[in-house]
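Notes follow once the structure below has been shown.
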Amino acid sequence: MTATKQVIDAILAMPTAPNVVEELNAVLEEERKRRNQFYKEITEFEKAEFINGEVVIHSPVKKMHNDATGELYQLIKAYVKKRKSGAVGIEKIMISLTRNDYEPDLCFFGEQKAKDFKRDQMFFPAPDLIVEVLSSSTADNDRGVKFNDYEAHGVTEYWIINADKEVVEQYRLNDEQAYELILKASTGTIECLPLEGFGIDIRAIFDEEINLKELNRILNM
């Protein structure tokens, strides 16, 4: 039984089910109004997300967060550009899902999705890969509502990077379309199913010299 079916069954078991549905619809209508206002007010100069009815404005990141995001982006971007196999976004790409809007630290869209993107496009569908780099203010959402939302919308892989501890967690959808932890490591190789053939030394996310070696390898493949 799916989670949605369980919720519906729980509501239908209530004698006050019609009242519950009416109240829920009213709450969601107010949320839709706030979301439309969010779309009107956001600018390209700030990193903002709309999560469960609330606008979340992000504070500046620490250097280690920025470095990890940049190093991984450089490798994925080089790989995708060389193979012409899709599109890569960093930080300011707005992902619009059923209820929420996110700006993940890094994301990748396979060729089938990316081929229809327009030059002036501002809102994007669920990617094939999402990477979030943890910070103290975002960790709960990265491991909570975002984890569940990315899973529900079929994001094939979700990487959570702890730049402080220099650890990567790699989650992948299994046959039941649920995330399964397939790797948690600070050393070794990490591969990516949506990026066919892509594999890097995990240390390349945190070490500039190793990153440069991996970049040269990718460019000479």
Applying ring-ring contact (aromatic ring centres under 6.0 Å, His included), which residue pairs with at least one partner in [range] are found, sequence neighbours left out?
range            : result
residues 94-116  : Y102-Y150, F109-F117, F109-F124
residues 54-95   : Y79-F198
residues 202-221 : none

Distance check, rounded to the nearest 0.5 Å: [X] atom [atom1] versus [Y] atom [atom2]?
X    : Y    : atom1 : atom2 : answer
E31  : N25  : CD    : CG    : 12.0 Å
E22  : L24  : CD    : CG    : 11.0 Å
S135 : D105 : OG    : CG    : 8.0 Å
K146 : N141 : NZ    : CG    : 6.5 Å
S96  : E103 : OG    : CD    : 9.5 Å
L181 : L183 : CG    : CG    : 7.5 Å

Nearest heavy-atom neighbours spanning [X] and [Y]:
X    : Y    : value
P15  : P18  : O-CD, 4.2 Å
Q121 : D116 : OE1-O, 4.2 Å
R35  : T98  : NH1-O, 3.0 Å
L219 : A78  : CD2-CB, 4.1 Å
D128 : K113 : OD1-NZ, 3.5 Å
I130 : P104 : CG2-CB, 3.7 Å

Could you tell me whether a side-chain N or O of [X] sits under 3.5 Å from a main-chain N or O of [Y], the two making a donor and an acceptor?
X    : Y    : value
K77  : A87  : no
N100 : N52  : yes
N211 : E71  : yes
N216 : L212 : yes
D142 : E132 : no

Q) Would you call K84-E111 a salt bridge at under 4.0 Å N-O? A)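 Judged by the 4.0 Å cut-off on N to carboxylate O distance, K84 and E111 do not form a salt bridge.
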**Q.** Residues E44, K92: salt bridge by 4.0 Å N-O rule
**A.**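 Looking at K92 together with E44, the answer is no, because their closest N to O distance does not fall below 4.0 Å.
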Q) Going by atom types alone, do Y171 and E169 pair a side-chain donor with an acceptor below 3.5 Å? A)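 Yes, E169 and Y171 have a side-chain donor paired with an acceptor closer than 3.5 Å.
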**Q.** Stepwise side chain to side chain contact (heavy atoms under 4.5 Å, CB included) check, D101 with E49
**A.** CA-CA 6 Å; D101 301 281; E49 299 178 313; 5.8 Å; no
Q. Given F50 and Q37, is the side chain to side chain contact (heavy atoms under 4.5 Å, CB included) satisfied, shown in steps?
A. CA-CA 11 Å; F50 189 86; Q37 189 64 31; over 6 Å; no
Given side chains that start at C-beta, do those of [X] and [Y] come closer than 4.5 Å, heavy atoms only?
X    : Y    : result
M221 : I218 : yes
I202 : T189 : no
R172 : L193 : yes
V155 : L129 : no
R143 : L134 : yes
I51  : D149 : no
S186 : V168 : no

Q | Pairwise salt bridge (Lys or Arg N to Asp or Glu O under 4.0 Å) hits with a residue in residues 176-205, at least two apart | A |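 Listed once each, the pairs are E166-R203.
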Q. Can you list every salt bridge (Lys or Arg N to Asp or Glu O under 4.0 Å) pair that touches residues 208-221, not counting sequence neighbours?
A.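 Every pair satisfying salt bridge (Lys or Arg N to Asp or Glu O under 4.0 Å) with a residue in residues 208-221: E214-R217.
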Would you say [Y] ends up clustered with [X] if hydrophobic residues are merged whenever their side chains have heavy atoms under 4.5 Å apart, either directly or through other cluster members?
X    : Y    : value
V56  : I93  : yes
L173 : L195 : no
I190 : L72  : yes
V131 : V88  : yes
I57  : F45  : no

Q | Test side chain to side chain contact (heavy atoms under 4.5 Å, CB included) applied to M94 and M122, step by step | A | CA-CA 7 Å; M94 180 69 77; M122 292 181 61; over 6 Å; no
Q | Apart from I8 itself, residues in the same hydrophobic cluster as defined by side-chain heavy atoms under 4.5 Å | A |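 Besides I8, the hydrophobic cluster comprises L12, listed by chain and residue number.
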Q. For atom NZ of K82, is the number of surrounding heavy atoms from other residues, nucleotides or ligands below 6.0 Å larger than 12?
A.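 Enclosed.
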(Q) Are more than 12 heavy atoms, taken from residues, nucleotides or ligands other than E46, located less than 6.0 Å from that residue's CD atom? (A)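 Count over threshold, so yes.
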Q. Would K47 and E91 satisfy salt bridge (Lys or Arg N to Asp or Glu O under 4.0 Å), going step by step from the backbone distance to the final call?
A. CA-CA 8 Å; K47 183 170 182 177; E91 292 189 339; 5.1 Å; no
Q: Evaluate the ring-ring contact (aromatic ring centres under 6.0 Å, His included) criterion for residues F123 and Y39: first the C-alpha distance (whole Å), next the side-chain angles of each, then the deciding distance (0.1 Å), finally the verdict.
A: CA-CA 10 Å; F123 300 95; Y39 290 156; 5.0 Å; yes
Q: Check the pair Q177, E151 against side-chain hydrogen bond (donor to acceptor under 3.5 Å, both in side chains), reporting the backbone distance first and the verdict last.
A: CA-CA 7 Å; Q177 296 302 293; E151 178 184 72; over 6 Å; no
